[in-house]
K.L.:
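Encoded as structure tokens, here's the structure I'll be asking about.
The basis for the numbers below is simple: all heavy atoms, side chains too, and nothing from hydrogens, waters or symmetry mates. The sequence lines fix the lettering, A, B, ..., with proteins before strands; numbering per chain opens at 1. This is a predicted model, so every value here is computed, not measured.
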Number of protein chains: 2
Amino acid sequence: MNRISESDTKTLILDAAEQAFADLGFDSASLRHIISVAGVNLAAVHYHFGSKEALIEAVFSRRLTPLNKERLKLLDQLEAEAGKSPLNVEKVIGVLIGPALRLARDPGKGGPVVMRLFGRTIAEPSEQLQKLMHGQFGDVIRRFTAAFRCALPGLPEDVLYWRIQFVIGAMAHIMCDPTGLKTMSGGLCDPNDTEKAISEMVTFLATGMRAEVSKRRKK
Amino acid sequence: MNRISESDTKTLILDAAEQAFADLGFDSASLRHIISVAGVNLAAVHYHFGSKEALIEAVFSRRLTPLNKERLKLLDQLEAEAGKSPLNVEKVIGVLIGPALRLARDPGKGGPVVMRLFGRTIAEPSEQLQKLMHGQFGDVIRRFTAAFRCALPGLPEDVLYWRIQFVIGAMAHIMCDPTGLKTMSGGLCDPNDTEKAISEMVTFLATGMRAEVSKRRKK
DNA sequence: GTGCGATTCAAACGAACGTTTGAACTTATC
DNA sequence: GATAAGTTCAAACGTTCGTTTGAATCGCAC
């Protein structure tokens, strides 16, 4: 078995595929486009991955698994530091969105391409991708829900869930369309300034999380 | 010219198309699927619209144009009521997101299908749809940016743009995946309770909008 | 009821899609 | 250098896609 060349072809395909999926969407990106960018043979996709569906899953797992592992590790640290006292909301949000936004800065983790890919996938209608995302991301959200509950003891349970959705939505939108902000602001905002983005998001979202519960209670 | 039957076939196609686009995405929804649901002939699509691309635009304009008109009309009212005093942030956000979320409640405006369609399109990678969305939505955002600026006089310009993106992201995510919230909360939250959704969003987002500017200024 | 434009229809077009095949090539083992 | 497993390759498979065509049908003016 030639480990180097196998790994090379596989990686070439994965790299070209994640770029194509991010740029064109999962359906519009054809295998023929991917293999022509990767410079490999069409049949190599099925030899190494089995099907386009399996390729999509491989593209995903390669990047999402380490990302979620990092998030959970940081959350573990946060909980250990806090001991029995309530968690800090800013820090919980920072641990949730920080690793995702910092993807763009780290070519080894995929760079901006992967950030856009993840951002878009949250809104993807395909059932396969919804299941894939829920399967990988569901546990993370459950852990973070518990963390938010601990950080905001007074918040009614339903309000907690609503607000977590707002956090995810804001994060996903910044991830999937980073250039839109630059255009809209006339170049004033720089979406490539990752730490600035994180800092602005943490301030906005943490303050929203702590907002007084609106009086229209009981539906 | 037979106005009734023309209008009938056209409407049947538009209805089936917007449902299919929302469920499957613009690329995956084929004309053959659409016409089979609509119960019309395949060639009718090209006779009435010219191409699939033009059909997509028609599906969009039918719903988005009235929605944005309503938003701008409500914003006009708000500004007239306020006179020279600064606008109320809660009300501006309510005018921005209210009409969009209330789409789901009004079958005449498309119902939940159209809400999901709009939500998803914000994250759509296709260049055609990005231009379509920017063209129709860009003016609205410009007007609302001015309104937010007036409502939050002390806010630095770049922070204003960042926070507007967070508002759009939260709105888009609730619109495109309303059932995800129900699943995640174990049925505790009801995404069909439109007024509750609006009320929670307004509280969260307005509080975030008013957050103290983080100290990490000057990039 | 004849003529005419508007609309519908079944059928076919070429192109692109994901997938499969079987032969050619490479590499490691003896 | 022969054997065998791992990998690449060009070519073709059947299907589905958006689009086009030309005849059939409809509704109304004269």
Side-chain angles (χ1 to χ4, degrees), chain A residues 1-60 62 124-129 131-132, chain B residues 1-60 62 117 121 124-129 131-132:
Chain A
M1 173 172 62
N2 182 349
R3 178 155 291 283
I4 291 176
S5 92
E6 175 205 55
S7 157
D8 252 0
T9 300
K10 261 184 141 168
T11 306
L12 284 170
I13 293 173
L14 285 172
D15 289 344
E18 81 182 2
Q19 175 89 244
F21 291 151
D23 289 343
L24 310 168
F26 294 95
D27 257 58
S28 305
S30 71
L31 294 184
R32 283 172 174 81
H33 172 82
I34 292 168
I35 58 110
S36 91
V37 170
V40 303
N41 188 272
L42 178 57
V45 175
H46 293 85
Y47 176 77
H48 287 285
F49 297 97
S51 67
K52 184 180 184 179
E53 202 168 301
L55 172 62
I56 293 176
E57 293 204 21
V59 166
F60 245 75
R62 177 170 71 143
E124 180 79 17
S126 142
E127 205 167 309
Q128 181 211 352
L129 285 172
K131 284 192 176 164
L132 218 164
Chain B
M1 173 172 60
N2 183 348
R3 179 154 291 283
I4 291 176
S5 94
E6 176 205 53
S7 156
D8 252 2
T9 300
K10 261 183 141 169
T11 306
L12 284 170
I13 294 174
L14 285 172
D15 289 345
E18 79 182 5
Q19 174 89 246
F21 290 150
D23 289 343
L24 310 168
F26 293 95
D27 256 59
S28 306
S30 71
L31 294 183
R32 282 171 174 82
H33 172 82
I34 292 169
I35 60 111
S36 93
V37 171
V40 304
N41 187 273
L42 177 57
V45 175
H46 293 86
Y47 177 77
H48 286 286
F49 298 96
S51 68
K52 184 179 184 181
E53 200 168 302
L55 171 63
I56 293 176
E57 294 204 20
V59 166
F60 246 75
R62 177 170 71 141
L117 184 70
T121 307
E124 179 80 18
S126 141
E127 204 167 311
Q128 182 211 352
L129 284 172
K131 284 192 177 167
L132 218 164

K.L.:
For A/Asn41 and A/Thr9, run side-chain contact (heavy atoms from CB on, under 4.5 Å): C-alpha distance rounded to whole Å, both residues' side-chain angles, the deciding distance at 0.1 Å, then the answer.
P.N.:
CA-CA 9 Å; A/Asn41 188 272; A/Thr9 300; over 6 Å; no

K.L.:
Roughly, in whole Å, what's the span from CD1 in A/Ile35 to C1' in D/dA10?
P.N.:
11 Å

K.L.:
Give A/Ala44 one of three labels, base, sugar-phosphate or nothing, depending on what nucleic acid heavy atoms sit under 4.0 Å from its own.
P.N.:
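Result for A/Ala44 = nothing.
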
K.L.:
D/dC17 P sits how many Å from B/Leu24 CG, rounded?
P.N.:
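Rounding to the nearest Å, CG of B/Leu24 and P of D/dC17 are 11 Å apart.
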
K.L.:
Looking at A/Asn41, does any N or O in its side chain come under 4.0 Å of the phosphate oxygens OP1/OP2 on D/dT7?
P.N.:
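For A/Asn41, the contact criterion (side-chain N or O under 4.0 Å from OP1 or OP2 of D/dT7) is not met.
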
K.L.:
Does D/dT8 have OP1 or OP2 under 4.0 Å away from a side-chain N or O of A/Thr9?
P.N.:
yes

K.L.:
Starting from C1' on C/dT21, measure out to OH on A/Tyr47 and report it in whole angstrom.
P.N.:
15 Å

K.L.:
Is any side-chain N or O of A/Ser30 closer than 4.0 Å to OP1 or OP2 of C/dA16?
P.N.:
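So the side chain of A/Ser30 is outside the cut-off, no N or O lying under 4.0 Å from OP1 or OP2 of C/dA16.
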
K.L.:
Less than 4.0 angstrom from a charged side-chain N to a carboxylate O is my criterion; do A/Asp15 and A/Arg62 meet it?
P.N.:
yes

K.L.:
Would you mind checking if A/Lys52 and A/Asp27 are paired as a salt bridge, meaning a charged N to carboxylate O distance below 4.0 Å?
P.N.:
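No, no charged N to carboxylate O under 4.0 Å.
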
K.L.:
Where each residue is assigned the nucleotide of DNA chain D containing its nearest heavy atom, which of B/Lys52 and B/Ala43 is assigned the position nearer the 5′ end?
P.N.:
B/Lys52

K.L.:
Distance check needed: C/dG18 P versus A/His48 NE2, whole Å only.
P.N.:
18 Å

K.L.:
What's the CZ-P distance between A/Arg32 and C/dA15, to the nearest Å?
P.N.:
14 Å

K.L.:
Answer yes or no: is there a side-chain heavy-atom contact under 4.5 Å between B/Ile34 and B/Phe21?
P.N.:
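They are in side-chain contact.
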
K.L.:
Could you tell me the separation between the CG atom of A/Leu31 and the C1' atom of C/dT19, rounded to a whole number of Å?
P.N.:
9 Å

